[in-house]
Amino acid sequence: MNISKQLINWYLDNKRDLPWRNTQNPYFIWLSEIILQQTQVAQGLPYYNSFITNFPTVFDLAKAEEQEVLKLWQGLGYYSRARNLHASAKYIVTELDGQFPETFEEIIKLKGVGDYTASAIASICFNQATAVVDGNVYRALSRLYGIDTPINTTQGFKTFKTLAQQLIDTKQPATFNQAIMEFGARLCKPKNPDCNSCPFNNKCVALQKNIISDLPVKLKNTKVTKKHFNYIVVLSSDQKTIIEQRQGNGIWQNLYQFPLIETSKEANHSTIYSEIEELNVLKGKIFQLSVFNQKPIIHKLSHQHLYTKFWIVNLEQELPEGVLTSSIQSYPVPILIGNFIEKFNF
DNA sequence: AACTCGGGGCC
DNA sequence: GGCCCAGAGTT
């Protein structure tokens, strides 16, 4: 029996029952694939359920406000996925009359959809034999064939895409693609793969050479930089605070936050005091400054460590331009801010 | 080709 | 503390 058939047989015996596996509706499949980019199934699952409940069709998603979409995405990370998802929903409704594109070439034109996602949708929804290459596929094929080409290079992608394309069962591409991914996720895991019960343990090159833990090969990514964030939490006499929307191209684009003062090293009381005297909303006003957490909260991202302090500014005046503290839970915020809001309990 | 974009789980 | 996760967009 060939590898493709063996993978499919393994899958049919071992697959998880996941909500997006009971449909070929391209809107649902698209949604699930975007959510699952760089995200484990267990983490993405509640977000998928939330989205299909709040936006049952692409029309519902298209007519929502971006803030609403970001709010539902809050905590999942990589927020450009949410912004691109929303933009593509609008595109499908206004330009394509609500009709989801049906070929790989058309699907990949959607914002936020690359080779992997277009292949997944084209195969699962439209029975097109386009092989997916994700982290699971890299791992399974690099081990099975003993391929040490670095996966995060152009050559690596081409090598594994070509191999997966040769292996795909053209009569059941949807099942094959999901089978190889499930195999990588559940059996051929990064750590402690279950080689004892693997259907390929008689031919796996990496197992025979005892180099399972060396594959796949991935070039090191760049170093982590440290930053010092100081969030200014204003509390006015009329129960208001200041929040602003993040602009520009950095992290958390279009999410909300308290006014941020970034310093080159850990800030102390006097530094922050003189900084906030310059804030327009506080100019000439009387306030008391205290720190919420003396010890910085270290928020770890893939390539930044954010040493964060929350500073409380008590104002004995009203703040006409502020927002009610009772309403801040409706704004999409980074989880770093969300955790603070929960703990501070306004 | 290198860099950027989150948050959580696992070891 | 390092690596990984149903990757994509920008420079």
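So you know, we letter chains A, B, ... as the sequences are listed, proteins then strands, and number each from 1.
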Is the shortest side-chain N/O distance from Trp252(A) to OP1 or OP2 of dT4(B) below 4.0 Å? no
Quick one: do the Gln67(A) and Tyr256(A) side chains pair a donor with an acceptor below 3.5 Å? yes
Give one of base, sugar-phosphate or nothing for Asp115(A), where a contact means two heavy atoms less than 4.0 Å apart. sugar-phosphate
Look at the side-chain N and O atoms of Gln304(A) and state whether any lies under 4.0 Å from the OP1 or OP2 oxygen of dC5(B). yes
Remember a base hit wins even if backbone is also touched, and classify Trp73(A) as base, sugar-phosphate or nothing at under 4.0 Å, heavy atoms. nothing
Please compare Asn192(A) and Ile251(A) by the position of their nearest nucleotide in DNA chain B and report the one closer to 5'. Ile251(A)
Check each of Leu18(A), Ile124(A), Ile8(A) against Gln178(A) using the side chain to side chain contact (heavy atoms under 4.5 Å, CB included) test, and report the only one that passes. Ile124(A)
Side-chain N or O of His303(A) versus OP1/OP2 of dC3(B): is the shortest distance under 4.0 Å? no
Say you pick atom P in dC3(B) and the same atom in dC3(C); how far apart are they, in whole Å? 16 Å
Gln43(A) CD - dG8(B) P separation (whole Å): 6 Å
Relative to the 5' end of DNA chain B, which residue comes earlier, Tyr79(A) or Thr153(A), by the nucleotide with the nearest heavy atom? Thr153(A)
Have a look at Gly44(A) and say if it touches a base, only the backbone sugar-phosphate, or nothing, with a 4.0 Å heavy-atom cut-off. nothing
Residue Glu316(A) excluded, over 12 heavy atoms near CD under 6.0 Å: no
Using a cut-off of less than 4.0 Å, is there contact between a side-chain N or O of His299(A) and OP1 or OP2 of dG6(B)? no
Heavy-atom donor-acceptor pair, Ser88(A) side chain to His86(A) backbone, under 3.5 Å: no
Using a cut-off of 4.0 Å on non-hydrogen atoms, how would the nucleic acid contact of Ser32(A) be classed: base, sugar-phosphate, or nothing? nothing
Heavy-atom contact window of chain A on DNA chain C, given 5' to 3' at under 4.0 Å: dG1(C) to dG9(C)
Contact class for Val132(A) vs. all strands (heavy atom < 4.0 Å): base, sugar-phosphate, or nothing? nothing
Using the C1' atom as the reference point in each nucleotide, state the distance between dC5(B) and dC4(C) in Å, no decimals. 16 Å
Is a donor from one side chain sitting under 3.5 angstrom from an acceptor on the other, for Glu275(A) and Thr271(A)? no
Nearest-angstrom distance, P atom, dG9(B) to dA8(C): 24 Å
Can you tell me how far P of dG8(B) sits from CD of Gln37(A), to the nearest Å? 18 Å
What contact category does Lys223(A) fall into here, base, sugar-phosphate, or nothing, at under 4.0 angstrom with non-hydrogen atoms? nothing
What integer number of Å spans the P atoms of dC11(B) and dA6(C)? 14 Å
So what does Gly75(A) hit on the nucleic acid, given a heavy-atom distance under 4.0 Å: a base, only sugar-phosphate, or nothing? sugar-phosphate
Using a heavy-atom cut-off of under 4.0 Å over every strand shown, decide if Leu76(A) touches base, sugar-phosphate, or nothing. base
Which residue is it: Lys15(A), Lys189(A), Arg16(A)? I am looking for the one with a salt bridge (charged side-chain N to carboxylate O under 4.0 Å, His left out) to Glu182(A). Arg16(A)
Keeping Arg246(A) on the side-chain end and Leu255(A) on the backbone end, is there a donor-acceptor pair under 3.5 Å? no
Take the protein atom CG of Leu72(A) and the nucleotide atom P of dG6(B), then report the distance between them rounded to whole Å. 17 Å
Touch check for Ser302(A), heavy atoms < 4.0 angstrom, all strands: base, sugar-phosphate only, or nothing? base
With a 4.0 Å cut-off on heavy atoms, is Arg186(A) in touch with a base, just the backbone sugar-phosphate, or nothing at all? nothing
Can you check the distance between dG9(C) and dG8(B), where both ends of the measurement are the C1' atom (answer in whole Å)? 23 Å
